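Notes follow once the structure below has been shown.
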Amino acid sequence: WLVFHFVRGVAVKVPMFPLHTWLSDAHTEAPTGGSVILAGLLLKLGPYGFFRFGVPLLPEASVTFAPLMIFLSIVAIVYGAWVAIAQKDMKKLIAYSSVSHMGFITLGLFVFNQEGWEGSLLQMINHGISTSGLFLLIGIIYERTHDRMIGSYTGLFSKMPIYAVFFLIIMLSSMGLPVTNGFIGELYILIGAFQSSWVLALLAATGILFGAVYLLWLFQRIFLGKFKCKVDNLKDLNARECAVFVPLLIMIFWIGLYPKPFL
């Protein structure tokens, strides 16, 4: 009973399916800084609660609950990706991608092996870097146009090439491309899931495939094709805005190429 109520409280903060419904509204209503803090730091309090308190204090009961938590994690991975594909608002798309990514983190935790735990901890860092970076990028375009709808933009690459390159790199890290941070975390989680059951690894891997769908489709719709935007004289990133993203890019490739210090 203690674990049940602990999980119920902490799962809202992760957020785990089906307690995730507050997240998209919170991100949509929040200013850019609020979304960055929420994605980069506050969502990690949920997994931290499991890692630091729930499992160490009540290990046997946590193992009893593990099959349910693994099932909910798989549902979150696939469902979050499916719903992200359907979104027309950029911020809501990234918010639902967070549901999918946090499902990976809880899956790695509850398979109860070293690879899963290391991948889960590393993915908490990765999600904070990649998703916060995407929210920052969406905030920049929103400041220029006051519009977050995907259908309002096409061909931004021709007007904002530097912005497009930053968006592409951070998007690929969120997708888990090799040599980026997301690949290492998801690989460890999949190895841990495979050691538990190959079916788990297969189902989790479908979430990565769907992640590629919604992120690459987002990039195609916004950046490729003939330029269309209600603001004609869009300005590319200035030096100050570029400086914001340089530390994120350093972390993306550092973890992707040499994750040992973080593991």
Side-chain angles (χ1 to χ4, degrees), residues 27 32 35-41 43-44 47 76-77 80-81 84-85 87 90-91 93-105 107-108 118-141 150 156-157 160-191 204-224 237 241-263:
H27 275 308
T32 300
S35 293
V36 170
I37 293 171
L38 180 59
L41 294 174
L43 292 188
K44 308 307 175 295
I77 290 169
I85 293 171
Q87 297 307 309
M90 285 187 272
K91 248 191 170 183
L93 187 150
I94 304 304
Y96 279 106
S97 80
S98 286
V99 175
S100 185
H101 286 130
M102 298 306 287
F104 274 102
I105 292 171
L107 173 64
E118 288 184 349
S120 182
L121 286 165
L122 187 60
Q123 200 62 7
M124 286 167 67
I125 301 170
N126 295 337
H127 179 267
I129 294 167
S130 304
T131 305
S132 296
L134 289 172
F135 277 124
L136 279 170
L137 288 162
I138 293 169
I140 284 173
I141 198 70
I150 297 169
L156 286 186
F157 204 108
M160 306 176 71
I162 299 174
Y163 177 82
V165 169
F166 278 122
F167 199 103
L168 179 63
I169 293 171
I170 295 175
M171 180 199 75
L172 291 174
S173 81
S174 180
M175 200 171 75
L177 188 79
V179 313
T180 66
N181 57 341
F183 174 74
I184 303 296
E186 288 177 354
L187 178 65
Y188 266 79
I189 291 169
L190 288 177
I191 292 171
T206 61
I208 298 175
L209 295 177
F210 291 131
V213 171
Y214 64 72
L215 287 169
L216 290 173
W217 193 30
L218 172 67
F219 188 86
Q220 179 195 27
R221 286 180 287 174
I222 294 175
F223 291 100
L224 305 183
L237 299 186
E241 289 168 331
C242 289
V244 171
F245 293 103
V246 169
L248 295 179
L249 297 192
I250 291 171
M251 293 297 291
I252 284 170
F253 291 111
W254 182 8
I255 297 174
L257 294 169
Y258 188 65
K260 185 177 179 180
F262 303 91
L263 294 170

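The shown structure was predicted, so the numbers you read here are calculated from the model rather than taken from an experiment.
Atoms CD1 and CD1, from Ile105 and Ile189 in turn, are 6.5 Å apart once rounded to the nearest 0.5 Å. Distance OG/Ser98 to CG/Leu93: 10.0 Å, rounded to 0.5 Å. How far CG of Leu121 is from CG of Asn126: 11.0 Å, rounded to the nearest 0.5 Å. Remark: Ile141 CD1 to Met90 CE distance equals 6.5 Å, nearest 0.5 Å.
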Pair Val179-Phe253, side-chain contact (heavy atoms from CB on, under 4.5 Å): steps then yes or no: CA-CA 6 Å; Val179 313; Phe253 291 111; 4.3 Å; yes
Stepwise side-chain contact (heavy atoms from CB on, under 4.5 Å) check, Met171 with Leu168: CA-CA 5 Å; Met171 180 199 75; Leu168 179 63; 3.7 Å; yes
Residues Phe262, Met251; criterion side-chain contact (heavy atoms from CB on, under 4.5 Å); working and verdict: CA-CA 11 Å; Phe262 303 91; Met251 293 297 291; 3.8 Å; yes
Check against side-chain contact (heavy atoms from CB on, under 4.5 Å), Leu187 and Ile191: CA-CA 6 Å; Leu187 178 65; Ile191 292 171; 4.0 Å; yes
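A donor-acceptor contact shorter than 3.5 Å is absent between the side chain of Asn181 and the backbone of Ile255. With hydrogens and angles ignored, the 3.5 Å screen pairs a side-chain donor or acceptor of Ser97 with a backbone N or O of Ile94. A donor-acceptor pair under 3.5 Å is formed between the side chain of Ser132 and the backbone N or O of Gly40.
Nearest heavy atoms, Ile85 versus Tyr214: CG1-CB, 3.6 Å. Of all non-hydrogen atoms in Gly207 and Ala81, the two that sit nearest each other are O-CB, 4.3 Å. When all heavy atoms are compared, the tightest approach of His127 to Leu43 is CE1-CD1, 4.0 Å. Nearest heavy-atom pair, Ser174 versus Glu186, reported as atom, atom and distance to 0.1 Å: O-OE2, 4.2 Å. Of all heavy-atom pairs between Leu107 and Ala204, the closest is CD2-CB, 3.8 Å. When every heavy atom of Ile170 is checked against every heavy atom of Leu249, the shortest pair comes out as CG1-CD2, 4.0 Å.
A tilted orientation is assigned to the rings of Phe219 and Phe167, their planes being inclined by 30° to 60°. Using the six-membered ring where Trp is involved, Tyr163 and Phe223 have ring planes that are tilted, between 30° and 60° apart.
For the side-chain contact (heavy atoms from CB on, under 4.5 Å) with Phe245, the lone residue among Val165, Ile250, Ile140, Ile169 that qualifies is Ile140.
The number of heavy atoms from other shown groups lying within 6.0 Å of OH (Tyr188) does not exceed 12.
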